[in-house]
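One structure is given below, encoded as structure tokens.
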There are 2 protein chains.
Amino acid sequence: MGDIREPLRELTECGLPQALEVMGERWAFMILRASFNGLHHFEEFLSELGIARNILSNRLAKLVENGILRRDPCPDDRRKIEYRLTDKGFDLLPAMVALRQWGQKYGAEVVENPVLVDERDRLPIGPTSIISHDGRILGPQDLALVERSNLGVRADGSRADQEGSPGLGDVIDLESLRRAKSAA
Amino acid sequence: MGDIREPLRELTECGLPQALEVMGERWAFMILRASFNGLHHFEEFLSELGIARNILSNRLAKLVENGILRRDPCPDDRRKIEYRLTDKGFDLLPAMVALRQWGQKYGAEVVENPVLVDERDRLPIGPTSIISHDGRILGPQDLALVERSNLGVRADGSRADQEGSPGLGDVIDLESLRRAKSAA
DNA sequence: ACTTTAAGTTTCATGGAGCAACTTATTTTT
DNA sequence: AAAAATAAGTTGCTCCATGAAACTTAAAGT
């Protein structure tokens, strides 16, 4: 029972640390939100966010360095710099919206105005969700962690065990998720 | 053109700041991931994460204080404390997975093992997505920000304007999203 | 020419992060 | 029963990151 989560000790192979290296910095998401909202210039960010000048400078540089923002000098006014989201930056939209929605759900009195809507019908979006490979919306109950070598192997075991300790290396953990499932 | 984003100045009514107040702290998401992965005890987090003792103590306390983790003394071993995710904590799953997937997509060499799968078929999950109210997956192109009073009003305007400056107060901004759309 | 604006950099005071050692309460071992 | 080990902290100290304010440089506006 202690051994079952032994493989997790080497679970540095996860995108989260890499993501947090950039976006874990304070202000990173706030700057990103401002970018999503159409702010492009240093002084705009400055007055909008209430961040210190030097910190903003530093954070923008880091976001540019990490390919989340592009830094384009304005052709018409050569004092100005335009900071714009790259594709990599846009790909943070689901993470940002998910965070935002969570904050909204549990925050005291968040009214949200303006509202993020589907352009098609101009109605508010639903909750950002974890999706199966074939498009079903998944809850915590529907998730499991399996060894890479055991992908596709159902619980009843339509495929035989790989080498290694048998019975182990299958579902690694998520016992907490399961417990939450049965509790719900 | 400068005025069109004027309302954003008061855009403190967004869940993001509230979310970041808790989860913007360094280590918060790493602790959360560990929790998702079935770690429950102080010394487990400590050796798994490589975080300093005092910081871990502090962060756990804050997560408990914010209702993301529950702090249960173990009945069988009264030295031990169990830290477990609350429902509020589980609701951070989409945000965490989205971040993780982003880090995986752009991180150097992230292999991801064990793999997060759909329990049903044990196949890897798809990208965490922004969903419309009726279940369609939305991309950045499909999003708009509208005034709360103008919800449901299509671009062609099946509903008449509210009071206030006409033409304004409709789609607030997202010009950057649009530009990215036309560029794609 | 003078002033203003934009985007920074520099300086300095403060707060949070990290390391190591210490504490307290509870098992386990001898 | 006494000694050692374990679990979960706390305390003291150092140092880097954060933040406020002033200064810098270059380009526009008037």
Side-chain angles (χ1 to χ4, degrees), chain A residues 1-3 5-6 9 16-17 20-32 34-35 38-66 68-85, chain B residues 1-3 5-6 9 12 17 20-32 34-35 38-66 68-85:
Chain A
M1 118 182 176
D3 289 352
R5 72 167 71 94
E6 210 59 60
R9 306 281 144 139
L16 199 59
L20 292 175
E21 211 159 302
V22 203
M23 298 309 297
E25 299 277 347
R26 240 189 291 274
W27 290 114
F29 268 106
M30 290 300 284
I31 291 173
L32 208 68
S35 269
L39 304 192
H40 309 298
H41 299 292
F42 190 91
E43 309 283 337
E44 285 179 326
F45 289 115
L46 197 68
S47 62
E48 178 72 24
L49 299 177
I51 185 178
R53 285 186 97 76
N54 52 349
I55 306 299
L56 176 60
S57 175
N58 186 287
R59 285 308 107 92
L60 284 175
K62 262 187 190 167
L63 289 171
V64 168
E65 191 185 321
N66 282 283
I68 291 162
L69 292 178
R70 208 157 6 100
R71 185 184 183 281
D72 300 328
C74 271
D76 54 310
D77 187 337
R78 280 162 49 222
R79 292 171 301 180
K80 287 189 182 174
I81 302 286
E82 274 206 354
Y83 289 98
R84 284 188 174 279
L85 285 166
Chain B
M1 121 181 168
D3 290 352
R5 71 167 73 93
E6 209 58 61
R9 305 282 147 137
T12 10
L20 292 175
E21 211 161 301
V22 203
M23 299 309 297
E25 299 277 344
R26 241 190 288 275
W27 291 114
F29 269 106
M30 291 300 283
I31 292 173
L32 208 68
S35 269
L39 304 191
H40 308 298
H41 299 292
F42 190 91
E43 309 283 337
E44 286 180 324
F45 289 115
L46 198 68
S47 60
E48 177 73 24
L49 298 177
I51 185 179
R53 286 187 95 77
N54 51 350
I55 306 301
L56 176 59
S57 177
N58 186 285
R59 284 309 104 93
L60 285 174
K62 261 187 191 169
L63 289 171
V64 169
E65 191 184 323
N66 282 282
I68 291 162
L69 294 178
R70 209 158 4 103
R71 185 185 183 281
D72 300 329
C74 271
D76 55 308
D77 186 338
R78 279 161 50 220
R79 292 171 301 180
K80 288 188 182 175
I81 301 287
E82 273 207 354
Y83 290 98
R84 284 188 174 280
L85 285 166

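Residue numbers start from 1 in every chain, and the chains themselves are labelled A, B, ... in the order their sequence lines are given, proteins ahead of strands.
In this structure, A/Arg79 does not pair ionically with A/Glu43, as no charged nitrogen and carboxylate oxygen lie closer than 4.0 Å.
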Only pairs under 3.5 Å count here: list side-chain donor-acceptor contacts from residues 55-62 of chain B, not counting sequence neighbours, and write none if there are none.
residue: B/Arg59; atom: NH1; partner: B/Glu25; partner atom: OE1; Å: 3.4

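What separates CZ of A/Arg78 from C1' of C/dA6 is a distance of 13 Å, to the nearest Å. One atom, CD1 of B/Ile51, and another, P of C/dC19, lie 10 Å apart when rounded to the nearest Å. In this structure, CD of A/Glu21 is placed 16 Å from C1' of D/dA17, rounded to the nearest angstrom. The CG-C1' distance, from A/Asp72 to C/dA6, rounds to 16 Å in whole Å. Computed from coordinates, the A/Glu25 CD to C/dA17 P distance equals 12 Å when rounded to whole Å. Rounded to whole Å, atom C1' of C/dA6 lies 13 Å from atom CG of A/Asp76. Following rounding to the nearest Å, A/Met30 (CE) and D/dG19 (C1') show an atom-to-atom distance of 16 Å. In this structure, CG of A/Leu49 is placed 14 Å from C1' of D/dG19, rounded to the nearest angstrom.
Distances shown here put a side-chain N or O of A/Trp27 below 4.0 Å from the OP1 or OP2 atom of D/dG19. Taking side-chain N and O atoms only, B/Arg26 has no distance below 4.0 Å to OP1 or OP2 of C/dG18.
Between A/Leu49 and A/Trp27 the shortest side-chain heavy-atom distance falls below 4.5 Å. In this structure, the side chains of A/Arg84 and A/Leu69 stay at 4.5 Å or more apart for every pair of heavy atoms. Counting heavy atoms from C-beta on, the side chains of A/Met23 and A/Leu63 come closer than 4.5 Å. When side chains are defined from C-beta on, A/Leu46 counts as touching A/Arg53, because their heavy atoms get closer than 4.5 Å.
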Under-3.5 Å N/O pairs linking protein and nucleotides 7-11 of chain D:
residue: D/dA8; atom: OP1; partner: B/His41; partner atom: ND1; Å: 3.4
residue: D/dA8; atom: OP1; partner: B/Ile81; partner atom: N; Å: 2.8
residue: D/dA8; atom: OP1; partner: B/Ile81; partner atom: O; Å: 3.1
residue: D/dA8; atom: OP2; partner: B/Phe42; partner atom: N; Å: 3.2
residue: D/dA8; atom: OP2; partner: B/Glu43; partner atom: N; Å: 3.1
residue: D/dA8; atom: N7; partner: B/Glu43; partner atom: OE2; Å: 3.0
residue: D/dA8; atom: N7; partner: B/Arg53; partner atom: NH2; Å: 2.8
residue: D/dG9; atom: OP1; partner: B/Arg71; partner atom: NH2; Å: 2.7
residue: D/dG9; atom: OP2; partner: B/Tyr83; partner atom: OH; Å: 2.3
residue: D/dG9; atom: N7; partner: B/Arg53; partner atom: NE; Å: 3.1
residue: D/dG9; atom: N7; partner: B/Arg53; partner atom: NH2; Å: 3.3
residue: D/dG9; atom: O6; partner: B/Arg53; partner atom: NE; Å: 3.1
residue: D/dT10; atom: OP2; partner: B/Ser57; partner atom: OG; Å: 3.2

